[in-house]
Protein chains: 2
Amino acid sequence: MGLERRQIHVAYAYQRIAEEIESQILEGTLKPGEQLPGETEMAEMFGVTRSTVREGLRRLESEGLVCRPTPRRMVVAIPRIDRLSTRSGRTMALMKVTYRELWQVTLKTEMLAARLAAEMAQDDEIAVLKSLHEDLSGAEGNASRTIELDGRFHSQVARIGKNRVLGLAREPVAHLLFRGFAQVAPFVPQFYKRQIEAHSNVVCAIEARDPIRAETWARKHIEDFWRAVQIAGLEDEAAVNNVKALS
Amino acid sequence: MGLERRQIHVAYAYQRIAEEIESQILEGTLKPGEQLPGETEMAEMFGVTRSTVREGLRRLESEGLVCRPTPRRMVVAIPRIDRLSTRSGRTMALMKVTYRELWQVTLKTEMLAARLAAEMAQDDEIAVLKSLHEDLSGAEGNASRTIELDGRFHSQVARIGKNRVLGLAREPVAHLLFRGFAQVAPFVPQFYKRQIEAHSNVVCAIEARDPIRAETWARKHIEDFWRAVQIAGLEDEAAVNNVKALS
DNA sequence: CAGTGTGTGAATGTCCGACACTAATTCAGT
DNA sequence: ACTGAATTAGTGTCGGACATTCACACACTG
């Protein structure tokens, strides 16, 4: 076995500051929305310089544990999923994951999302979905607008299912996969119509509270996308070439 | 419509520094593994003080875009999935997601993982899996060790499937769900045996390159866990009470 | 009294300069 | 050539400083 290379935290002051505040947030001593003391005060509190406190705060800030509506007010953040999704999206992009990998996962998540949506849907949520669907229908032929609206459509389906874990897990994956539509679209112009049709059926199934049908159409829809990817010959291509545009 | 609340970046120097370096990494100008210049040099380069550069660096560091093997060497990081998983795990914990939500997703991810593993398995990977399984068999009755080994078993299954996206998506979810075993175990002592049996079958199916059977046993296994959660009466309980122990 | 201006104070963003400590590098010794 | 010591340069932390600007309180107007 040999000696394991275990991380030794030399525990720099700025790290300890960050960890201390972090653990107070996670424990609940500091509640979301609560305001933190000023930098000077904290510096005094922890017995370090303001510069050091600042370095620690930068970390918390970037980890999304605190946020500042204005530079003057620093408050404990309310956790949001979309913050995270950009980050894992970026990781996947840097890993140069393939369409195949993205698709295998997306197929499952979108099927689940559709099923749950059909089980949990409320009327107002369906209304939102329909409105999105109409917008999308009007965007036929426009790739970038289609990507935008398609993403929102699928997100809304997931939201209707009221499973936050699914929302968290699927968002970056689906986002990355569907972005690829821009690469695929030129090869399969007929996909626009098929997509609209599939979405229609998903909406109907959700409205009819028919989980099985919703799941089935979601599957068809995502499988269809895979076929398009195959036609474009991109199965094992990296899904994102220019990470930059992820935003 | 009213006035949209649009973010105005006042663009503090430290933010701009971070963004600049970040975009150079994402563009590929800076390649993973490459070493960054010293703080002093960067300060000069960007025309700001070292303190300012440092604040920016803290952010990159915490975002996992750069890492430092030693304080002296700061290099562009190679993206890793386990870095991210703690973060989304923490988010889910703060959201107080329920066992139900976790389970619904985990059921799908682990089924997919098992299937892909059976399709992709190589002999040496199976050997690792078997060894983990043996260790787990020996841990019967020990909840915390079971959680540890069970987590590693499932991760290994996922790794064998060679889908990095799935690995990324499932890790924090499965981790959080299986951690709950500690809460569940006292109610269902028989679960240890059932788990070992299920794992055995998964291993067999993977070794036999039988995707269907692997998926089936994964499903049984995770459904079994759900029954245990139900017996413990935790379906809609928050999966984690003390976020602290997440590490 | 609600809503809008004004003013003061305090906190932030950034800078400068300094020092201990340690890791990377160089160089001497066998 | 390899080991070990000496050098050097870079990091972690410190203290202080200043302009800017945001938060709060207060006065003003309708």
Side-chain angles (χ1 to χ4, degrees), chain A residues 3 5-22 24-25 30-78, chain B residues 2-3 5-22 24-25 30-77:
Chain A
L3 182 60
R5 183 190 174 79
R6 197 163 293 176
Q7 267 295 23
I8 305 259
H9 311 284
V10 190
Y12 299 117
Y14 66 83
Q15 281 181 1
R16 306 231 340 240
I17 304 279
E19 278 163 26
E20 176 57 29
I21 299 172
E22 178 177 330
Q24 289 204 23
I25 292 175
L30 286 165
K31 291 186 192 80
E34 193 172 333
Q35 182 165 353
L36 274 71
E39 295 177 354
T40 325
E41 195 176 333
M42 286 176 153
E44 214 173 307
M45 210 169 191
F46 294 115
V48 297
T49 332
R50 198 160 72 91
S51 323
T52 307
V53 170
R54 292 185 117 251
E55 290 187 41
L57 291 179
R58 290 304 148 260
R59 198 179 102 178
L60 294 176
E61 204 178 342
S62 102
E63 295 201 2
L65 271 133
V66 305
C67 66
R68 35 172 124 207
T70 110
R72 272 327 194 358
R73 297 175 52 81
M74 178 148 56
V75 300
V76 178
I78 293 147
Chain B
L3 184 59
R5 182 194 175 77
R6 197 163 295 177
Q7 267 296 24
I8 307 250
H9 330 282
V10 188
Y12 299 116
Y14 65 84
Q15 281 180 1
R16 306 231 337 241
I17 304 277
E19 278 163 27
E20 177 55 30
I21 299 172
E22 178 176 330
Q24 290 205 21
I25 292 176
L30 287 167
K31 291 186 191 78
E34 192 171 337
Q35 182 165 353
L36 276 72
E39 296 177 351
T40 324
E41 196 175 331
M42 286 176 156
E44 212 172 308
M45 209 169 187
F46 294 115
V48 297
T49 333
R50 197 160 71 94
S51 325
T52 306
V53 171
R54 292 184 117 253
E55 290 187 44
L57 291 179
R58 291 303 148 257
R59 197 178 103 180
L60 294 176
E61 204 178 342
S62 104
E63 294 199 3
L65 271 131
V66 304
C67 66
R68 36 173 116 207
T70 107
R72 265 331 190 1
R73 297 175 50 82
M74 180 148 55
V75 301
V76 177

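Quick note on labels: first sequence line is chain A, next is B, and so on, each numbered from 1. Just so you know, these numbers come straight off a predicted model, no measurement behind them.
For the atom pair A:I17 CD1 and A:M42 CE, the distance stands at 8.5 Å (nearest 0.5 Å). In this structure, the separation between CZ on A:R59 and CD on A:E55 is 11.5 Å, given to the nearest 0.5 Å.
Put simply, CE on B:M42 is 17 Å from P on C:dT14, counting in whole angstrom units. As rounded to whole Å, 11 Å separates atom P of D:dG15 from atom CD of A:E44. If you measure from atom CZ of A:R68 to atom P of D:dA23, you get 12 Å, rounded to the nearest angstrom. A:E61 has its CD atom 12 Å from the P atom of C:dT12, to the nearest Å. A straight line from CE of B:M74 to C1' of C:dA24 spans 16 Å, rounded to a whole angstrom. With rounding to whole Å, B:E41 atom CD is found 13 Å from D:dA9 atom P. One can place CE of B:M45 at 14 Å from P of D:dG10, the figure rounded to the nearest angstrom. Distance, A:Q35 CD to D:dA23 P: 9 Å, rounded to whole Å.
Taking the nucleotide of DNA chain D with the nearest heavy atom to each of B:T40 and A:T49, the more 5' of the two is matched to B:T40. Summary of the strand contacts: B:R50 and B:E55 both lie near DNA chain C, and taking for each the nucleotide with the nearest heavy atom, the more 5' one is attributed to B:E55. Checking A:T52 against A:R73, the closest nucleotide of DNA chain D that is more toward the 5' end is the one next to A:T52.
For A:E39, the side-chain atoms get nearest to C:dG13 when compared with the rest of C:dG13, D:dG12, D:dC14. Of the candidates D:dC22, D:dT13, D:dG12, the closest approach to any side-chain atom of A:P71 belongs to D:dC22.
Backbone-only engagement by A:T70 is indicated by non-hydrogen atom pairs under 4.0 Å involving sugar-phosphate atoms exclusively.
Seen from the ring of A:F46, A:R16 does not count as a face-on cation partner, given the 6.0 Å and 45° thresholds.
Applying the 4.0 Å criterion to OP1 and OP2 of C:dG13, one finds that A:R54 has a side-chain N or O inside that range. The side chain of A:R58 contributes an N or O atom lying less than 4.0 Å from OP1 or OP2 of C:dG13. Under 4.0 angstrom from either OP1 or OP2 of D:dA9 there lies no side-chain N or O belonging to B:R72.
Counted by atom type alone, A:S51 and B:S51 present zero donor-acceptor pairs between their side chains at under 3.5 Å. Using modelled atom types, one finds no donor on one side chain facing an acceptor on the other under 3.5 Å when comparing B:Q15 with B:E19.
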